[in-house]
Structures are given as C-alpha cells and as structure tokens.
Amino acid sequence: MSMTLKENALAIYNGQQPDFYGDLMNAVELIGDPVLMGDMPPQDGLEHADSWGTVYVYKPGAPGPHPHVTPENAVIKDIENWESQLKVPSLDQYDWSMARAQAAAVDRNEKFVGFFCAGGLFERSHHLMGMENALVNYMEYPEEMAALLRVIADYKIKLIRLAAEQFHPDIIFYHDDWGSKQNVFLPPSVWRKIIKPLQKEIADTIHECGMIYMHHADCICEPIVTDMVEIGVDIWQGVIAQNDIVKIQRVTDGKLAMVGGIDGPKVDIANITEEAIRSEVRRAIDTYCPGGRFYPSIPNGICFLEWNNSIVMDELAAYGRRYALEHPI
C-alpha cells in the first residue's frame, strides 16, 4: 500500500524509506488565519498599512505584497525613541472560527496542518524602519534593537500560542529571511547576540505546544546553520543551492531536515531546454538526497514561467520516485 503524502514526508523526516522524494510543502495544508488575512493588502498596486503601521504595496501579478518604507512613512524614524513611535497591535479581537473550520476539514492522516507565521524578528524590524536603517541600527544601536525585538518576539510567541489553542497546527511555517543570495544580512556575531536568544524562545514555544518548527529562509544561512540546530529549528525550508548543502548536512550531523536545493533562477528563464531543466532537478536529488532528511524542491515553491514549472514538477515526480526505489535506506 502506498504512503499518504504525510506518511511519505514523515518517512523522510525520520530518516526512513519513503515512496518518493519531493517537496514537503505538498504535504502541508496552510490555514488562512485571521491575523495574516487581516493584514493582507488588496492586489491593487496602491499603498496600504498593516496592523503595525507598515506600508505595503501588492502589485497586480506579483507573487506577494512588499513593504514600501520611506523616510516619511516609516513607523520607527528614530531608534532611540522607538517606544514612543511603535504601537504593537492587539491579538485579542480576532475571530478564529474560519481557521478552525479549515483545519477541521483537513484529513490529518493525509496532510499536515500548517500555520503560516509571516514577518519574523528580522523582517518585522526592517519593515518598521527600512532595510538600510535597520542594518545600521543593528550595528550602532544594538541595545535598542534588542529591546525592540523583545517586544516583537513577545507578540510572535502570543500569536503562536493562540494558533495552538485555536486549531493546533502540526507545523509552524515561520518566515524570516536572514540573508541574501550572497551572505547573511548581519554579521553572525550580531545575529547571535540579538536574534538568536529570542528565536530560541520562539522555537521553545513551538515545541512546548507540540508542533514542528519549519523555518523559511530562501537565502544564504550557511554561516549560522549550527546555531539553527541549537535554537531548535526542525526543518529549514527554502535552502538555495548557493549554500554548500552537502557541507551543511555534514556539520549539522543530520539534525536539520531541509527543503529546497533546486536552483530555481537557473531553470526559471526563457530559452532554456527541457533537458537542462530536468538535469538540474536530477542534480539536486542525486547530490543532496544521499545526505538524508532532504526534500528536493524549488526553494521559493514554483517557477514563475508556467512551462518551466511543469517540466520541474514532472521530473521531480518521476525521478524523485525512481531515486527512492533505486536507493533504499
């Protein structure tokens, strides 16, 4: 009898024999919670403020909204006076009934129920003041930034506990991009001093509630991967090929499950051959699946070019199953 998507994903997670290797996200049903949905701007290309006061623009055809922080509309204009400028939104007024109904409709034998926890500590900090100011403030005003992140972390912890109480997700899909395609945004020593202790509290909360902590960061995180293990990250989703993934598997000693590995921008281009796309999918599977606990996928989910995406998904389905059959654990 074939495994369900959830059973197959758990087999990979536990280092056991799966029916196939593929994207873990196919086995996750993300629930539309009222906090995220309430902050989602319309896709009209205009400026809209979220509950924190950050202005976002969601352009027609774009994959998602982006912060549009200017010197004029920044929530925090002076980090030394951040407490008088920031009003942390309340979490007490939301109606979770729709989220509960959506979660109840999921067959948890077939799929995981996931909670999409967007806007992590680093992302929220630069959404409040702009990226350049945030990077400068982390370096020149570390105590003020640590105090700000303390408040953001308390909000995130309360939100995670609320989600656990309301519909008990199996997985917290926590977003916080800690780097670019070239490097982490902050010097690791700064990240370890300011972000890491609070991130561990968030991880501990997730685990205390009996849930899996999956961290999305489709960027370079290689310099801090052992810290991610120490924090308690169970799964790193969004692992781009610019990381030395084989080395990461070695230095983390199999303690960090990973999702990604296919070089999306390499195959998501015009005038590429079908074989070149299929070859990149096979490269990712052949290179990273031997290390164990690896889910091959495009780190950001899909190719934006429809034909390219169809080839990736076809090869992933076919070769991912073939590889599992030919390389039993």
Side-chain angles (χ1 to χ4, degrees), residues 3-14 22-40 50-51 64 89-124 152-177 198-218 228-229 231-239 255-260 293 295 297 299-301:
M3 295 178 175
T4 66
L5 290 173
K6 182 177 181 179
E7 288 170 341
N8 193 82
L10 282 172
I12 296 173
Y13 184 77
N14 293 320
D23 191 353
L24 170 61
M25 297 308 296
N26 293 333
V28 180
E29 194 73 35
L30 293 175
I31 302 302
D33 71 276
V35 181
L36 179 66
M37 302 310 293
D39 274 346
M40 186 63 65
D50 73 353
S51 57
S90 171
L91 288 169
D92 299 332
Q93 75 278 19
Y94 290 100
D95 178 3
W96 290 79
S97 58
M98 186 175 293
R100 289 195 299 269
Q102 289 178 357
V106 178
D107 183 347
R108 297 201 190 211
N109 293 315
E110 296 284 338
K111 284 190 170 185
F112 298 99
V113 168
F115 172 49
F116 180 39
C117 193
L121 301 179
F122 179 76
E123 288 185 7
R124 177 55 68 183
I152 299 171
D154 289 341
Y155 174 93
K156 302 297 286 186
I157 288 169
K158 182 176 181 179
L159 176 58
I160 289 165
R161 290 195 184 279
L162 265 174
E165 293 167 6
Q166 293 292 337
F167 64 94
H168 203 283
D170 303 297
I171 291 177
I172 298 295
F173 189 34
Y174 185 100
H175 273 224
D176 207 7
D177 286 325
L198 296 171
Q199 200 64 44
K200 186 175 189 311
E201 289 186 33
I202 292 170
D204 289 345
T205 299
I206 294 170
H207 294 146
E208 287 166 12
C209 293
M211 302 179 293
I212 292 171
Y213 173 15
M214 176 161 62
H215 189 102
H216 167 86
D218 52 346
M228 292 170 70
V229 171
I231 285 169
V233 176
D234 298 306
I235 304 168
W236 173 15
Q237 190 282 331
V239 186
K255 295 175 182 176
L256 184 64
M258 287 183 276
V259 186
R293 306 190 75 208
Y295 302 86
S297 73
N300 69 311

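Judged purely by atom type and a 3.5 angstrom limit, Gln102 uses its side chain to pair as donor or acceptor with the backbone of Gly32. When atom types are taken as modelled, the side chain of Asp23 and the backbone of Asn26 share no donor-acceptor pair closer than 3.5 angstrom. In terms of modelled atom types and a separation under 3.5 Å, the side chain of Asp39 and the main chain of Asp50 share no donor-acceptor contact. At least one donor-acceptor pair under 3.5 Å links the side chain of Tyr295 to the backbone N or O of Tyr13.
Looking at every heavy atom in both residues, Ala103 comes nearest to Phe167 through CB-CB, 3.7 Å. Of all non-hydrogen atoms in Leu36 and Ala118, the two that sit nearest each other are CD1-CB, 4.2 Å. Residues Asp176 and Ala217 approach most closely at O-CB, 3.6 Å, considering heavy atoms. In plain terms, the two heavy atoms of Cys117 and Leu159 that are nearest each other are SG-CD2, 4.4 Å. Of all the heavy atoms in Pro299 and Val239, the pair that sits closest is CG-O, 3.3 Å. Residues Arg293 and Leu256 share a closest heavy-atom pair of NH1-N, 3.8 Å.
Note: Lys156 NZ to Arg124 CZ = 7.5 Å, rounded to the nearest 0.5 Å. Atom CD1 of Ile235 is separated from atom CZ of Phe173 by 10.0 Å, given to the nearest 0.5 angstrom. Within the model, atoms CD1 of Ile157 and OG1 of Thr205 stand 4.0 Å from one another, a figure rounded to the nearest 0.5 Å. Distance check: Arg108 CZ to His168 NE2 gives 8.0 Å after rounding to the nearest 0.5 Å. A distance of 3.5 Å separates OG1 of Thr4 from CD of Glu7, quoted to the nearest 0.5 Å. Remark: Phe116 CZ to Tyr174 OH distance equals 12.0 Å, nearest 0.5 Å.
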Point to revise | Evaluation steps, side chain to side chain contact (heavy atoms under 4.5 Å, CB included), between Val233 and Met214 | key: CA-CA 6 Å; Val233 176; Met214 176 161 62; over 6 Å; no
Point to revise | Residues Glu110, Lys6; criterion salt bridge (Lys or Arg N to Asp or Glu O under 4.0 Å); working and verdict | key: CA-CA 5 Å; Glu110 296 284 338; Lys6 182 177 181 179; over 6 Å; no
Exercise for review: Apply side-chain hydrogen bond (donor to acceptor under 3.5 Å, both in side chains) to Asp234 and His207, showing your working.
Suggested key: CA-CA 10 Å; Asp234 298 306; His207 294 146; 2.8 Å; yes
Review point. Yes or no on side chain to side chain contact (heavy atoms under 4.5 Å, CB included) for Asp33 and Tyr94, after CA distance, side-chain angles and deciding distance?
Key: CA-CA 9 Å; Asp33 71 276; Tyr94 290 100; over 6 Å; no
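Heavy atoms from other residues, nucleotides or ligands lying under 6.0 Å from NZ of Lys111 number more than 12. Around CE of Met3, the count of heavy atoms belonging to other residues, nucleotides or ligands within 6.0 Å exceeds 12.
A search for side chain to side chain donor-acceptor pair (under 3.5 Å) contacts involving Tyr213 returns Gln199, His215, not counting sequence neighbours.
A salt bridge is defined here as a Lys NZ or Arg NE, NH1 or NH2 lying under 4.0 Å from an Asp or Glu carboxylate O, and Lys158 with Asp92 meets this definition.
Tested against Ile171, the residues Ile212, Leu30, Ile206 include a single side chain to side chain contact (heavy atoms under 4.5 Å, CB included) partner, Ile212.
If you check the side chains of Asp177 and His175, you find no donor sitting under 3.5 Å from an acceptor.
Pro34 is not listed as a side-chain neighbour of Asp95, based on a closest heavy-atom distance of 4.5 Å or more. Taking 4.5 Å as the limit, every side-chain heavy atom of Val259 sits out of range of all side-chain heavy atoms of His216. Gln237 is listed as a side-chain neighbour of Met25, based on a closest heavy-atom distance under 4.5 Å. Side-chain contact between Glu201 and Asp204 is absent, with no heavy atoms from C-beta onward closer than 4.5 Å. Between Val35 and Tyr155, the closest side-chain pair of non-hydrogen atoms falls below 4.5 Å.
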